[in-house]
Q: 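Input: one structure, supplied below.
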Amino acid sequence: MESNFIKTIMEEDLKSGKVDKIVTRFPPEPSAYLHIGHARAIIMNFELADNFNGRTNLRFDDTNPSNEDKSFVDAIQRDIEWLGYKPAKILFGSDYFDESYELAVKLIRKGLAYVCDLNADEMREYRGTLTTTGKESPYRNRNIEENLDLFSRMKAGEFKDGEKTLRAKIDMTSPNMNMRDPVIYRIMHTEHQNTGNKWCIYPMYDFAHPIQDALEGITHSLCSLEYDDHRVLYDWFVEKCEMEHVPHQYEFGRLNITNTIMSKRYLKKLVEANKVNGFDDPRMPTLAGLKRRGFTKESIKEFIISTGLSRVNSTVSSEMLENSLRNDLNYKVKRSHAVIDPLKVTITNYPEDKIEWIEVPYNPQNEALGSRKIAFGRTVYIEREDFIEEKPNKKWKRLALGIEVRLMRAYFIKCNEVIKDKDGNITELLCTYDLETKSGSGFNERKPNGNIHFVEATTSKPATFNLLEPLLIDSDSKKDLFERLNPNSWVTSVGFIEKALESTKSEEKFQFIRKGYFTTDYDSSKENLIFNRTVELKSRFK
RNA sequence: UGGGCUAUGGCCAAGCGGUUAAGGCAUCGGACUUUGACUCCGAGAUCGGAAGUUCAAAUCUUCCUAGCCCAGCCA
């Protein structure tokens with residue numbers, strides 16, 4: 001990882017002796033699946049700590065049972081494991097409910113917290129606005145005994161939701177809204193995924209988080225920019241609760257990607273409205289979706305690292321993510337032949353029943369991947385887009401009427417005739433091949449007008465290709481999300497793959513030559529082959 | 001005169017008073033090529049603006065401008 005401001009801070013803290021070990025934590029709220037934006041937080045927390053031989057905890061931030069669900073904690077754990085990280089500890093905010101209750105009592109005893117009877121509307125009024133100060137709650141000066149009594153009765157369930165809150169007594173005139181007597185405990189008669197019905201009061205994030213960090217010995221508590229002005233509150237709680245260990249919060253900018261929805265709320269809406277097939281739909285920017293689509297953990301790490309870390313909310317172009325996948329897979333993966341949109345070609349001068357098997361390395365740039373044989377015969381399929389009747393210009397490096405191209409790893413073929421149906425659609429090409437031009441023969445008399453890939457008709461296997469594009473197409477507006485959806489985000493095409501791939505297994509990755517990187521989908525089987533196009537190849541054409 | 005944060009090529013991002021201002025993505029040239037892929041060469045910024053401090057400033061100061069965040073009993 002290259003230099004960034006947090007890494008610099010850690011180096012300095014280690015050097016000055018402020019800390020002797022870096023301890024970070026990743027604190028997701030289990031209220032949805034993790035997305036690529038979270039990957040920045042995960043990867044930075046783990047990599048930074050690891051860089052200094054420190055450690056990282058996973059702590060589920062489950063202080064609001066109305067949002068959270070066990071299924072999400074499981075999904076989050078799977079994703080982190082997939083990325084290859086092992087938390088030093090797996091914890092829950094709810095593990096600290098007893099301690100935080102005691103600390104709240106401590107604040108009351110110190111005269112720094114009070115039970116408030118204002119309802120939500122009243123509290124909003126009393127809070128003031130961005131430009132006007134707030135005014136003190138009439139309950140602000142209850143005596144300590146009364147506060148203690150009321151708070152224990154809140155805990156005991158004597159009051160209804162919203163009837164009372166516990167608030168920190170700070171400063172209603174502070175220009176920082178967070179300091180205007182923030183609520184630290186609210187009443188919620190809601191069952192918790194971890195603690196069941198033990199509690200009916202739950203701590204707020206601003207109170208719970210610093211305490212948990214302190215209790216856990218976190219040294220560098222990383223979060224996103226919007227918590228910047230919560231930091232004084234964070235420090236206030238650590239100080240007033242007299243925490244032995246003093247953690248520090250550092251904020252970094254969020255990562256956005258062009259054409260990508262990065263909001264939990266929207267992702268949930270897409271799933272709930274059935275606009276996608278669940279959180280792991282291959283079009284989703286969730287880690288689970290990216291995995292299914294074919295992204296590797298290595299590519300995601302490279303992307304995050306290469307994107308850096310700063311105090312700017314950045315929007316990186318999606319090409320950068322795609323590039324990281326291509327870089328990772330280029331030498332790593334088999335390169336095979338697949339025809340996604342087939343056009344039948346008959347080689348009229350090739351024997352009727354003959355099939356030739358030609359030995360071809362899987363990846364000429366990585367011999368370790370071995371080789372297989374590809375078939376050639378009288379009938380083959382090429383990509384429909386690789387043929388045009390009349391060669392439009394000298395740049396056209398594919399087939400055309402009267403033009404000769406090389407079928408990769410096989411022979412030169414020349415197109416002599418185009419067969420069309422009554423609507424004028426091309427249904428078949430009649431070509432001739434030249435025996436002398438066999439690949440590897442050293443034939444050098446003529447140059448073909450390009451090289452195109454193909455698949456032999458009788459030996460190839462039918463396959464479905466999922467051609468995935470961004471879910472979001474309309475970048476410029478603040479329009480409703482559903483109006484910005486790309487109607488072509490998932491186009492399906494039926495074509496053929498070479499025989500050697502017929503036993504491919506779920507998640508196996510390939511480069512289909514000239515067509516892009518593909519991954520065998522979870523639902524694929526030998527009888528029903530399905531591939532997801534992860535990304536296309538780069539192209540200078542067009 | 002609410003408060004906080006940010007500003008380096010199209011997009012990210014190093015840089016922390018003295019370097020020809022790293023690198024990646026994108027773009028544009030060119031070489032190579034049985035993938036219009038890969039690879040390889042080559043091209044581009046004086047650092048939001050204005051003043052100031054200094055022998056010397058992207059790096060320090062001041063003012064200005066623009067953008068983002070904050071008025072949940074969400075996180």
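Side chains included, hydrogens not; waters and symmetry mates left out as well; all remaining heavy atoms used. So that the names make sense, note that chain A is the first sequence line, chain B the second, and so on, each numbered from 1.
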Q: Remember a base hit wins even if backbone is also touched, and classify A:Tyr185 as base, sugar-phosphate or nothing at under 4.0 Å, heavy atoms.
A: nothing

Q: Indicate, with a heavy-atom threshold strictly under 4.0 Å, whether A:Met204 touches base, sugar-phosphate, or nothing.
A: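 Counting heavy atoms under 4.0 Å across all strands, the contact made by A:Met204 is with sugar-phosphate only.
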
Q: Within the 4.0 Å heavy-atom criterion, would you say A:Thr315 contacts the bases, only the backbone, or no part of the nucleic acid?
A: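 Answer is sugar-phosphate: A:Thr315 comes under 4.0 Å of backbone atoms only.
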
Q: For B:U59 versus B:A14, give the span between their C1' atoms, rounded off to a whole number of Å.
A: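 So the two C1' atoms sit 13 Å from each other.
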
Q: Check for me: is A:Tyr205 stacked on B:A75 by the 5.5 Å centroid and 30° plane-angle rule?
A: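 A:Tyr205 ring does not meet the centre or angle cut-off for B:A75; no stack.
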
Q: Atom NE2 of A:His230 to atom C1' of B:A71: distance rounded to whole Å?
A: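 Whole-Å distance recorded here is 11 Å.
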
Q: Could you check whether A:Gln365 gets within reach of a base, just the sugar-phosphate, or nothing at all, counting any heavy atom under 4.0 Å?
A: base

Q: Describe, in one word, how the ring planes of A:Tyr227 and A:His230 are oriented to each other, choosing from parallel (under 30°), tilted (30 to 60°) and perpendicular (over 60°).
A: perpendicular

Q: What integer distance in Å separates A:Asn313:CG from B:C70:P?
A: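 Between P of B:C70 and CG of A:Asn313: 11 Å.
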
Q: Hey, which sits more toward the 5' end of RNA chain B by its nearest nucleotide, A:Glu226 or A:Ser539?
A: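 The residue mapped nearer the 5' terminus is A:Ser539.
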
Q: Using a heavy-atom cut-off of under 4.0 Å over every strand shown, decide if A:Lys395 touches base, sugar-phosphate, or nothing.
A: base

Q: Taking 4.0 Å as the cut-off, does a side-chain nitrogen or oxygen of A:Asn323 come that near to OP1 or OP2 on B:C25?
A: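 Yes, A:Asn323 has a side-chain N/O under 4.0 Å of OP1/OP2 on B:C25.
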
Q: Take atom P in B:A37 and the same atom in B:G29, then report the distance between them in whole Å.
A: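 That atom pair is separated by 13 Å.
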
Q: Distance criterion of 3.5 Å, no angle test: do you see the side chain of A:Arg398 paired donor-to-acceptor with the base of B:G36?
A: yes

Q: For B:A37, give the paired nucleotide (Watson-Crick: N1-N3 plus N6-O4 or O6-N4; G-U: N1-O2 and O6-N3; both under 3.5 Å), or none.
A: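 WC or wobble partner does not exist here.
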
Q: Could you give the distance separating B:U6 and B:U62 at their P atoms, to the nearest angstrom?
A: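 Approximately 14 Å lies between the P atom of B:U62 and that of B:U6.
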
Q: B:C32 P sits how many Å from A:Lys447 NZ, rounded?
A: 11 Å

Q: Tell me what A:Gly440 touches on the nucleic acid: a base, only sugar-phosphate, or nothing, going by heavy atoms under 4.0 Å.
A: base

Q: Send over the distance from A:Arg231 CZ to B:G3 C1', rounded to a whole Å.
A: 13 Å

Q: 5'-most contact on RNA chain B: A:Arg127 or A:Phe541, nearest heavy atom basis?
A: A:Phe541

Q: Using a cut-off of 4.0 Å on non-hydrogen atoms, how would the nucleic acid contact of A:Asn4 be classed: base, sugar-phosphate, or nothing?
A: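 Sugar-phosphate contact only.
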
Q: I'd like the P distance from B:C69 over to B:C28, given in whole Å.
A: 34 Å

Q: Once you apply the 3.5 Å cut-off to both distances, tell me the Watson-Crick or G-U wobble partner of B:G72, or none.
A: none

Q: When all nucleic acid strands are considered with a 4.0 Å heavy-atom cut-off, which category describes A:Gln511: base, sugar-phosphate, or nothing?
A: base

Q: Distance between the P atoms of B:G4 and B:C41, in whole angstroms?
A: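 Taking atom P in both B:G4 and B:C41, they lie 49 Å apart.
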
Q: Atom NZ of A:Lys538 and atom C1' of B:U39: how far apart are they, to the nearest Å?
A: 11 Å

Q: Indicate, yes or no, whether a donor-acceptor pair under 3.5 Å links the base of B:G4 to the side chain of A:Asp228.
A: no

Q: Over all strands shown, is A:Ile452 touching base, sugar-phosphate only, or nothing at heavy-atom distances under 4.0 angstrom?
A: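 Nothing, no nucleic acid heavy atom in range.
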
Q: Between A:Lys397 (NZ) and B:U33 (C1'), how many Å, whole number?
A: 9 Å

Q: Nearest whole Å is fine: how far is B:C25 P from A:Met320 CE?
A: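 About 8 Å, once rounded to whole Å.
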
Q: Counting the benzene-type ring for Trp, do A:His192 and A:Phe97 have ring centres under 6.0 Å apart?
A: yes

Q: Taking pairing as Watson-Crick or G-U wobble with both contacts under 3.5 Å, can you name the mate of B:C28, or confirm there isn't one?
A: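 WC or wobble partner is B:G42.
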
Q: Scan A:Arg124 against the nucleic acid and name what it touches under 4.0 Å (heavy atoms): base, sugar-phosphate only, or nothing.
A: sugar-phosphate

Q: In terms of the angle between their ring planes, are A:Phe465 and A:Phe531 parallel, tilted or perpendicular, with boundaries placed at 30° and 60°?
A: parallel

Q: Identify whether the distance between the nearest side-chain nitrogen and carboxylate oxygen of A:Asp386 and A:Arg514 falls below 4.0 Å.
A: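 Salt bridge present between A:Asp386 and A:Arg514.
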
Q: Could you check whether atom NZ of A:Lys7 has more than 12 heavy atoms from other residues, nucleotides or ligands sitting under 6.0 Å from it?
A: yes

Q: Between B:U8 and B:C47, how far is it from one P atom to the other, in whole Å?
A: 12 Å

Q: How is A:Ser3 classified with respect to the nucleic acid when contacts are heavy atoms under 4.0 Å: base, sugar-phosphate, or nothing?
A: sugar-phosphate

Q: Run the salt-bridge test on A:Glu319 and A:Lys538 with the 4.0 Å N-O cut-off and return the result as yes or no.
A: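 Salt bridge flag = no for A:Lys538 with A:Glu319.
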
Q: Under 4.0 Å between any heavy atoms, over every strand shown, what does A:Thr307 touch: base, sugar-phosphate, or nothing? Just pick one.
A: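 If one applies the 4.0 Å heavy-atom cut-off, A:Thr307 turns out to touch the sugar-phosphate alone, with no base involved.
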
Q: On a whole-Å scale, what distance lies between the P atoms belonging to B:A56 and B:G18?
A: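 14 Å, rounded to whole Å.
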
Q: Which nucleotide in the set B:U6, B:G2, B:C73 lies at the smallest distance from any side-chain heavy atom of A:Arg311?
A: B:U6

Q: If you look at every strand shown and take non-hydrogen atoms under 4.0 Å, does A:Arg409 touch a base, only sugar-phosphate, or nothing?
A: base

Q: Rounding to the closest angstrom, what is the interatomic distance between B:G49 and B:U33 at atom P?
A: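 These two P atoms come out 46 Å apart once rounded.
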
Q: Please name the nucleotide paired to B:A66 by Watson-Crick or G-U wobble geometry with both distances under 3.5 Å, or report none.
A: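 Its partner is B:U6.
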
Q: If we call it a pair only when both distances are under 3.5 Å in a Watson-Crick or G-U wobble match, what pairs with B:U61?
A: B:A51

Q: Checking understanding here: a glycosidic angle within 90° of 0 is syn, the rest anti, so what is B:G72?
A: syn

Q: Taking the six-membered ring of A:Tyr362 as reference, does the NZ or CZ atom of A:Lys334 fall below 6.0 Å from its centre and within a 45° cone about the axis?
A: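 Geometry flag: set, cation within 6.0 Å and 45°.
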
Q: Parallel, tilted or perpendicular, judged at 30° and 60°: which one describes the rings of A:Phe412 and A:Phe443?
A: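 A:Phe412 vs A:Phe443 ring planes: perpendicular.
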
Q: Measure the acute angle between the ring planes of A:Trp199 and A:Tyr101, then classify it against the limits of 30° and 60° as parallel, tilted or perpendicular.
A: tilted

Q: When the distance from CG of A:Asp171 to C1' of B:G3 is rounded to whole Å, what number comes out?
A: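 Checked: the CG to C1' distance equals 12 Å.
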
Q: Strictly by Watson-Crick or wobble contacts shorter than 3.5 Å, is anything paired with B:A14, and which nucleotide is it?
A: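 Its partner: none found.
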
